[in-house]
Number of protein chains: 4
Amino acid sequence: MKSRLNEASGVYAIAATPFHPDGRLDLPSVDRLTDFYLGCGVDGLTILGIMGEAPKLEPEESVEIVRRVMARTNLPVIVGVSAPGFAGMCALARQAMELGAAGVMIAPPGSLRTDDQIVGYFAQAIEAIGSDIPFVLQDYPLVTNVVMSPNVIRRIVTENPSCVMVKHEDWPGLDKISQLRAFEESGGMRRVSILCGNGALFLDFEMGRGADGAMTGYAFPEMLVDLVKWHRDGERDAAHDLFDAHLPLIRYEQQPGLGLAVRKYILQKRGAIASDAQRKPGSILSVAAKAEIDYLLARLARKDSRAAF
Amino acid sequence: MKSRLNEASGVYAIAATPFHPDGRLDLPSVDRLTDFYLGCGVDGLTILGIMGEAPKLEPEESVEIVRRVMARTNLPVIVGVSAPGFAGMCALARQAMELGAAGVMIAPPGSLRTDDQIVGYFAQAIEAIGSDIPFVLQDYPLVTNVVMSPNVIRRIVTENPSCVMVKHEDWPGLDKISQLRAFEESGGMRRVSILCGNGALFLDFEMGRGADGAMTGYAFPEMLVDLVKWHRDGERDAAHDLFDAHLPLIRYEQQPGLGLAVRKYILQKRGAIASDAQRKPGSILSVAAKAEIDYLLARLARKDSRAAF
Amino acid sequence: MKSRLNEASGVYAIAATPFHPDGRLDLPSVDRLTDFYLGCGVDGLTILGIMGEAPKLEPEESVEIVRRVMARTNLPVIVGVSAPGFAGMCALARQAMELGAAGVMIAPPGSLRTDDQIVGYFAQAIEAIGSDIPFVLQDYPLVTNVVMSPNVIRRIVTENPSCVMVKHEDWPGLDKISQLRAFEESGGMRRVSILCGNGALFLDFEMGRGADGAMTGYAFPEMLVDLVKWHRDGERDAAHDLFDAHLPLIRYEQQPGLGLAVRKYILQKRGAIASDAQRKPGSILSVAAKAEIDYLLARLARKDSRAAF
Amino acid sequence: MKSRLNEASGVYAIAATPFHPDGRLDLPSVDRLTDFYLGCGVDGLTILGIMGEAPKLEPEESVEIVRRVMARTNLPVIVGVSAPGFAGMCALARQAMELGAAGVMIAPPGSLRTDDQIVGYFAQAIEAIGSDIPFVLQDYPLVTNVVMSPNVIRRIVTENPSCVMVKHEDWPGLDKISQLRAFEESGGMRRVSILCGNGALFLDFEMGRGADGAMTGYAFPEMLVDLVKWHRDGERDAAHDLFDAHLPLIRYEQQPGLGLAVRKYILQKRGAIASDAQRKPGSILSVAAKAEIDYLLARLARKDSRAAF
């Protein structure tokens, strides 16, 4: 399975991590949420990402979540292993692979600035975890504060055969996808899968630029599944119609800091998790914000019945 | 006129600055663009803002633009005067007021971090330009990198009677509007006008939170005018319907760095300016990006005929 | 012992964390290094700080280090507990206190910007770990990217009775010490201990501004001990003479990113640790850099025999 | 003269810009300060740099300063032309060259992140000002927030024949000098002059790494002149002795934000300028800070009589 992530396409849901209101891990909700994603028709799962509140987990909790999710699905599961030290990154990566993960995902630490620093970091990280583990390069400058040019991505892909996928969430980022695909077409870069994040805010056009699909945590993964499918089937206008119906909510969910609270609020409403609590420190929705989300959902339900409660 | 900016409402268009392809100011297009905004039914204009490429203008060019616009309209005009030194800021502010401006707009420099530094900066700036000039506080952390809490805004408003308006473009920013209005209602802060920017990405809800309108440069100002009006008239659903039709384009236009190129491309298409050139250094639209914008416009035209060409 | 940290003075050594060249914890060197600091005459120890590579440790390693150091000394030990999540912070803080620590140290996460955000973060953190644990507020903008005004520090001290000390390492920072002491003298702030870090680069003047001593990891802690003592004894010129002899090396050690490599290189030379290895990712000294440090040490030895090998 | 800047060595003083207390340019002090630098034995001057408060000057003031300084000296003068827009940069650069400048200096704007963005910026800038004007690449991440790897500098030097010098002030930066010189020795990069800034904080070792001299504004330029000369003459220990005597003051002057106030305070004391005023917004020295500087000067005077007043 490992060797096929570079051909991955479709939708990989970025899984939230469910907590009880008192901050304890909610393991039954991990099961329920996994089932929810499966029911949406996703092609894979990504767990312990930035949106999964991974930095707030203890190592044994991270492993427990991997174990729990792996026991529930045969789909490929990618495990976020970003960590300040390579020792911790390696430990989690190896445990995840032993438990059956398809690969791991690494985001660069915020201190990196130059091309050489970024490329050098991934060289060291892969040396640490081992070059036998397929890894996803996470490119999310809005959160990591690390800006990778297309050239840098090309260098990382070329120098690390175990790099199988780019989680693309630069903003603006459309031309970046085109440039990476142009590298591939001209023989300048090995083919990797490109799945798009950034809350799906530009997924309608990212598909046309050559993306293979989405890897994000939008609270209606089934819309992402449809969108990717319809785009593949050449139903461009229909795909845009569906996307546009969801865009007001997508936009609302993609607010820095606040977004996860919006997402968990909806996932709870949809019954996918028992509580929308975040482990502290986290963000809180105001009463007005909740009313706005409810209004957005009601409007959405007129066009997409899956938003009706 | 000055004393009434704190009651301003409706739409103030952030005016682009038109250049010839060789980088020279295009003064006839300044006239044409001013007429275009007036034709859209805006309530005022804001010129020489960040989106107006103001830092790339020579002092005499800035004054020339103020003169040109003032000669063309009786609407209130706000002039951006942000500058690294107070001498330059003061010179432009005083010239603008002499030419008939309604007020000036000041964004904080990116080096400010603490509440006291921000409040202190505005105290010094207002001392420099004079407390008789009404000024707009620009709160745009995505671009300025300066984060102002509601408390800081309250302090600036309270300590500077000449502060008449907040150009609100924090992100997330909805609860911030609610908090500022709560300060006012509890008597903790003098009433100021709140006009919203950030490309109008959240204008649909900002009105419900208590904003007085919009101050942004979206290429269809007439939509903003309708939205604000319909919201005032209690036509909330209709306002959302209109907004949602435009959101795919609004979202596309609100890409950091690239946004101005999108905006100027559409303004040129609409005949409002002769060339979409930016003074260098600027951003350039790829062929693919232009095709995407054209597609978005075609889709929009099905719901709003003003987008038909 | 807890209740007396707010009267702490003298020198608290920021302890490095010793590793084997392969990255494993070097526990015998933890003992040796602890003995080394004790032999230098320090008044306390701070472990698991930023310079102690704490983010690269696994939770059980952190606890093991606390246990090991506590078993070796009766001096007050402060334990760095900064963490992305409050759950992890609380767990380590409570374990550290049970093992006999005198208090904990907390640095704010880099995402905080406004005064209210910073004050709010500490309110939440203290709620999480419990208000019975004395804590040190770490003010190190060069590394944390969080700028705290004197007012913010005053608010945190005032709102959290368990805040007993400020680790002061702002740059520039001399007037900040004066301002905090002025708050205290005017009754505006409860008295806390102020120990200075930032590699001791300004310790010669910080004492005159009202600091109680040093908390830093400079590789010659005995110099810091002398400096603080002589300053207390009114031997200002002698204190400056000693400081100036060390300044070329202090300056060399205080290079962002590279500093820890310099410090560990010297600690190894002094026999305080077996290896100067950092857990990866870390910085490496070039051959030229090592020669420069050796030259600095040779020059220093002419004035301070403790630098002779 | 132009073609020889790439062989420049020795000391180029970064000139402060003198203002009257009310903020007006103090032109007689421009003359006096120019004479002061000449009397210190410098090899060239750099005017309108970051420390010269250039962004706070109006265009005609900048030109007036160039004219005034050029009329006073036959030494090579480098003119800072960094500006938000290429139009302004080009105008000043061409006027400076017409007035007899030896070259111009350009610092990258803070928005640049990736290698390609930085290299691309300089390509555009040089296209704008013309490739016939020799230019100095300013590498000062502490202030510009732009980090250039040695590779990026090599690319800029190689792609722009008019790049004749690097103003090196990265921190840490010693290995960077070694790397640039290694590029040259291996034939990978054309030879350029490397003059060091960053307040001279590491000049003692930068010379040994291959720097050609200093370009900084330390208030005792004659010390820099001696240091560079002695190093060239092989008097390494004597050079370090002199440097070490000045280091306590150098360190005090190199405080972010506050440094220029320290520098101007000393220049005024030395009679080089009439007032230490900065054009607003600027930094102010506290009474305690002035006393500390006076104390440092008194201590320095015991070892270097030029510091005696």
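Chain identifiers are assigned alphabetically (A, B, ...) following the order of the sequence lines, protein sequences preceding nucleic acid strands; residue numbering begins at 1 within each chain.
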More than 12 heavy atoms from other groups under 6.0 Å of CD on D:Glu127: no
Neighbour count above 12 (heavy atom, 6.0 Å) for D:Ile284 CD1: no
D:Glu58 to B:Pro59 - nearest heavy-atom pair and separation: OE1-CG, 3.6 Å
Minimal non-hydrogen separation, D:Gln124 against B:Pro281, with atom names: OE1-CB, 4.3 Å
Reported CE-to-NZ distance for the pair B:Met89 and D:Lys280, which is rounded to 0.5 angstrom: 13.0 Å
From NZ (B:Lys56) to CZ (D:Phe86), nearest 0.5 Å: 9.0 Å
